[in-house]
There are 2 protein chains.
Amino acid sequence: EKELVSGIAYSSDEAKVTLVKVLDKPGVAAAIFGPLAEANINVDMIVQNVSEDGKATDLTFTVAQNDLERTVAKIEERHQDLGYGTLVHDSKVAKISVIGVGMRSHAGVAQTMFQTLAEKGINIQVISTSEIKVSVLIEEQYTELAVRALHSAYALGTL
Amino acid sequence: EKELVSGIAYSSDEAKVTLVKVLDKPGVAAAIFGPLAEANINVDMIVQNVSEDGKATDLTFTVAQNDLERTVAKIEERHQDLGYGTLVHDSKVAKISVIGVGMRSHAGVAQTMFQTLAEKGINIQVISTSEIKVSVLIEEQYTELAVRALHSAYALGTL
Ligand SMILES: C[C@@H](O)[C@H](N)C(=O)O
Ligand SMILES: C[C@@H](O)[C@H](N)C(=O)O
């Protein structure tokens, strides 16, 4: 497992935007990102989970901290059309990724990553994975603690 | 935007497992994936959004359909330790991904993808992104409809 992980990446330039209680019906996600694309706002992570009640769910995405104000304005001006409950944003987050090409299963890599963060008392706010990565959003103030702890957990040498 | 997308990938061999209302405190995510890693269960997507109330949130992950029974058993036997509300699973899902290397922003690619699915009346259950991809989970029965519609939306030629 340890040999699979080739590096730890992090970025503390991200801001998190969460639309709480968007309607869970076709067309809603498209309506959110259309205006952001037109305004040339760079969206990085997009994370949405299943809705529990089949009616509404939350949708989180990240933008560069410099784009947060524009993003919030663009979304809030269409609050009526989009029909979400509330918009919550937080620019004090950091994205931490564990990278491993050929990661056949995320379970082992994820478990080590999550366990390492837990041992440092760092709460995981958002999780997203790709074929070669496990990424989390944590509070920005823990960036260095997290990166150092993960470096040693995966025996990647000292920073 | 269209030239950025190089392909559409899909897999209907996945089953979705959602733990509803897991406690939102350090160590919970690690406790979920440890036993799955030990049992050599391949976990593909892991998606978790922020908790609204700071107390609990939902966590979804996917495994191969063949591993669903084992996975559910492994999690349910530790229901007390993990302290989640309920476990929901569904093997009638498909993962559809739009792939584009050099996708600077997900907003444009995502908007086209989400809009195309909406026009076909296909509801998006889960969303997750990586540097080169936007992936969604939809109902398995719409796999072919989705893949064909996305091929023509990104002018990738007919299937
Ligand atoms: C919530 C949102 O993803 C909705 N289900 C849609 O398909 O657009
Ligand atoms: C929900 C889960 O991700 C929890 N926040 C943890 O850090 O483990």
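Scope of the values below: all heavy atoms of this structure, side chains included, with no hydrogens, waters or symmetry mates. Note on naming: letters A, B, ... go to the chains in the order of the sequence lines (proteins, then strands), and numbering restarts at 1 for each one. For clarity, every value in this text was computed on a predicted model and none was experimentally measured.
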State plainly whether one hydrophobic cluster holds both A:Ile96 and A:Val109, where clusters connect Ile, Leu, Val, Met, Phe, Trp and Tyr through side-chain heavy atoms under 4.5 angstrom apart. yes

What part of B:Gln115 gets within 4.5 angstrom of chain A, counting heavy atoms only: side chain, backbone, both, or neither? both

I'd like to verify something: which residue of B:Met45, B:Gln48, B:Gln111 has the highest number of heavy-atom pairs under 4.5 Å with chain A? B:Gln48

If you count heavy atoms of other groups shown closer than 6.0 angstrom to CD of A:Glu69, is the number above 12? no

Nearest 0.5 angstrom please: A:Glu131 CD to B:Ile99 CD1, how far? 8.0 Å

With hydrophobic residues grouped by side-chain heavy-atom distances under 4.5 Å, do A:Val147 and A:Val134 end up in a single group? yes

Nearest heavy-atom approach of B:Ala110 to A:Ile46 is CB-CD1, 3.8 Å

Paired with A:Ser128, the side-chain hydrogen bond (donor to acceptor under 3.5 Å, both in side chains) test is passed by just one of B:Ser135, B:Ser130, B:Ser128, namely B:Ser128

Go through the atoms of A:Gln125 and report whether side chain, backbone, both or neither lie under 4.5 Å from a heavy atom of chain B. both

With a strict 4.5 Å heavy-atom criterion, list every residue of residues 12-36 of chain A that contacts chain B, or say none. A:Lys16, A:Thr18, A:Val20, A:Lys21, A:Asp24, A:Lys25, A:Pro26, A:Gly27, A:Ala29, A:Ala30, A:Phe33, A:Gly34, A:Leu36

Would you kindly confirm whether A:Phe114 and A:Tyr10 end up in one hydrophobic cluster when ILVMFWY residues are joined by side chain heavy atoms under 4.5 Å apart? yes

What closest approach, in Å, do A:Ala107 and B:Ile41 show between heavy atoms, and which atom pair accounts for it? CB-O, 3.9 Å

Can you tell me which residue among B:Val47, B:Thr60, B:Leu59 is in a side-chain contact (heavy atoms from CB on, under 4.5 Å) with A:Ile127? B:Leu59

Is there a path from A:Ile8 to A:Leu145 through hydrophobic residues (I, L, V, M, F, W, Y) whose side chains come within less than 4.5 Å of each other? yes

Residues of residues 117-124 of chain A with any heavy atom under 4.5 Å of a heavy atom in chain B: A:Ala118, A:Gly121, A:Ile122, A:Asn123, A:Ile124

Heavy atoms, side chains only, cut-off 4.5 Å: are B:Val50 and A:Asp58 in contact? no

Check for me, please, whether A:Leu82 and A:Phe61 land in the same ILVMFWY cluster - side-chain distances under 4.5 Å, paths through other members count. yes

